[in-house]
Amino acid sequence: MTALPHAVDAETPLKPSELAVLRAQYEKEGEMVGVQTKFNYAWGLVKSDSRNEQQLGVRLLSDIFRVSPERRRECLYYLALGNYKLGNYAEARRYNDLLLDKEPANLQAADLRRLIDDKVAKEGLMGVAIISGVAIAAGVVGGFLFRGRRR
């Protein structure tokens, strides 16, 4: 669990029965699904532990963001959260920064920003370690090959 109390959404999925209620309402409305129903279902999907559900949630939120300008602000946090959970940190940061520009005192967005920054730093260090390991291995192999040629 995260130590950032305002970013608890990042790791708190809905119960399967709760998500089922949102899914049933979304499917019941069909082609004429309302924006609020779509948002509620997308919110539940983004909170899920399932990558496929998170991806669908982000797609639904992206649709709302694109076609309903009056709902953009409320989509920003969950688009940021969904992209964070999917590992799309640049997109997560972009949406989260848009929200922080509009609401600098938003504690959820501030905590999510810390989570994003921590993940980017951690994965950046892992990337450096992997590249360093590959370079060392290449140097060792090269040394053996060079030493073998001199004999």
Side-chain angles (χ1 to χ4, degrees), residues 1-27 29 33-144:
M1 194 70 147
T2 180
L4 301 173
H6 300 289
V8 72
D9 271 342
E11 296 168 6
T12 309
L14 296 181
K15 294 176 187 156
S17 60
E18 294 170 328
L19 186 57
V21 168
L22 296 175
R23 180 180 293 118
Q25 183 63 38
Y26 176 80
E27 290 171 352
E29 293 184 24
V33 67
V35 174
Q36 187 62 50
T37 299
K38 189 181 222 182
F39 178 85
N40 292 346
Y41 183 44
W43 166 80
L45 291 168
V46 163
K47 291 172 60 72
S48 171
D49 289 329
S50 162
R51 184 171 180 82
N52 288 337
E53 289 180 346
Q54 293 165 1
Q55 289 171 329
L56 177 56
V58 167
R59 278 196 303 275
L60 293 174
L61 287 167
S62 294
D63 288 345
I64 296 168
F65 188 83
R66 192 177 64 255
V67 300
S68 300
E70 70 282 0
R71 301 299 292 264
R72 285 185 179 154
R73 194 216 53 79
E74 65 188 309
C75 288
L76 288 173
Y77 176 75
Y78 290 102
L79 280 166
L81 178 63
N83 279 290
Y84 165 77
K85 290 178 79 172
L86 291 168
N88 303 330
Y89 304 124
E91 280 297 293
R93 181 177 282 150
R94 184 172 71 87
Y95 286 118
N96 204 54
D97 285 350
L98 284 171
L99 180 55
L100 285 169
D101 286 346
K102 294 177 186 298
E103 299 177 12
N106 186 314
L107 297 177
Q108 269 188 313
D111 281 357
L112 182 56
R113 176 61 193 240
R114 283 188 210 93
L115 289 176
I116 294 166
D117 289 347
D118 290 349
K119 224 22 154 172
V120 167
K122 181 180 175 187
E123 290 195 4
L125 290 176
M126 286 175 54
V128 168
I130 290 168
I131 290 170
S132 298
V134 168
I136 290 170
V140 169
V141 169
F144 282 128

message = Run the side chain to side chain contact (heavy atoms under 4.5 Å, CB included) test on Y41 and L19 for me, step by step, so that the C-alpha distance in whole Å, both residues' side-chain angles and the decisive distance to 0.1 Å come before the verdict.
response = CA-CA 7 Å; Y41 183 44; L19 186 57; 4.2 Å; yes

request  = Evaluate side chain to side chain contact (heavy atoms under 4.5 Å, CB included) for L76 paired with F65, printing each intermediate quantity in order.
outcome  = CA-CA 8 Å; L76 288 173; F65 188 83; 3.5 Å; yes

query = Given Y89 and N83, is the side chain to side chain contact (heavy atoms under 4.5 Å, CB included) satisfied, shown in steps?
reply = CA-CA 6 Å; Y89 304 124; N83 279 290; over 6 Å; no

query = Is there a side chain to side chain contact (heavy atoms under 4.5 Å, CB included) between L115 and L112 once you walk through the steps?
reply = CA-CA 5 Å; L115 289 176; L112 182 56; 4.3 Å; yes

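Side-chain polar atoms of E103 and N106 form a donor-acceptor pair below 3.5 angstrom.
In this structure, the side chains of E91 and L79 stay at 4.5 Å or more apart for every pair of heavy atoms. Between N96 and Y84 the shortest side-chain heavy-atom distance does not fall below 4.5 Å. Between Q25 and N40, every side-chain heavy-atom pair lies at or beyond the 4.5 Å cut-off. Counting heavy atoms from C-beta outward, R114 and D111 have side chains that approach closer than 4.5 Å. Side-chain contact between V58 and N88: absent, with no pair of heavy atoms (C-beta onward) separated by less than 4.5 Å. Looking at R93 and D117, their side chains come closer than 4.5 Å, going by heavy atoms from C-beta outward.
The two residues L61 and A42 come nearest to each other via the heavy atoms CG-CB, 3.6 Å. Shortest non-hydrogen contact noted between D49 and P13 is OD2-CG, 3.5 Å. The nearest pair of heavy atoms linking C75 to I64 is SG-CG2, 3.5 Å.
Checked by atom type and distance alone, the side chain of K85 pairs as donor or acceptor with a backbone atom of V46 at under 3.5 Å. Proximity of a side-chain donor or acceptor of R51 to a complementary backbone N or O of L86 within less than 3.5 Å is detected.
Sorted pairs that involve residues 102-123 and meet ring pair (Phe, Tyr, Trp, His ring centres under 6.0 Å), not counting sequence neighbours, are lacking altogether.
Atom-to-atom distance recorded for R94:CZ and I116:CD1 is 12.0 Å, nearest 0.5 angstrom. The line from NZ of K47 to CD of Q54 is 11.5 Å long, rounded to the nearest 0.5 Å.
Classification of R23 and E53 as a salt-bridged pair holds, one side-chain N sitting under 4.0 Å from a carboxylate O.
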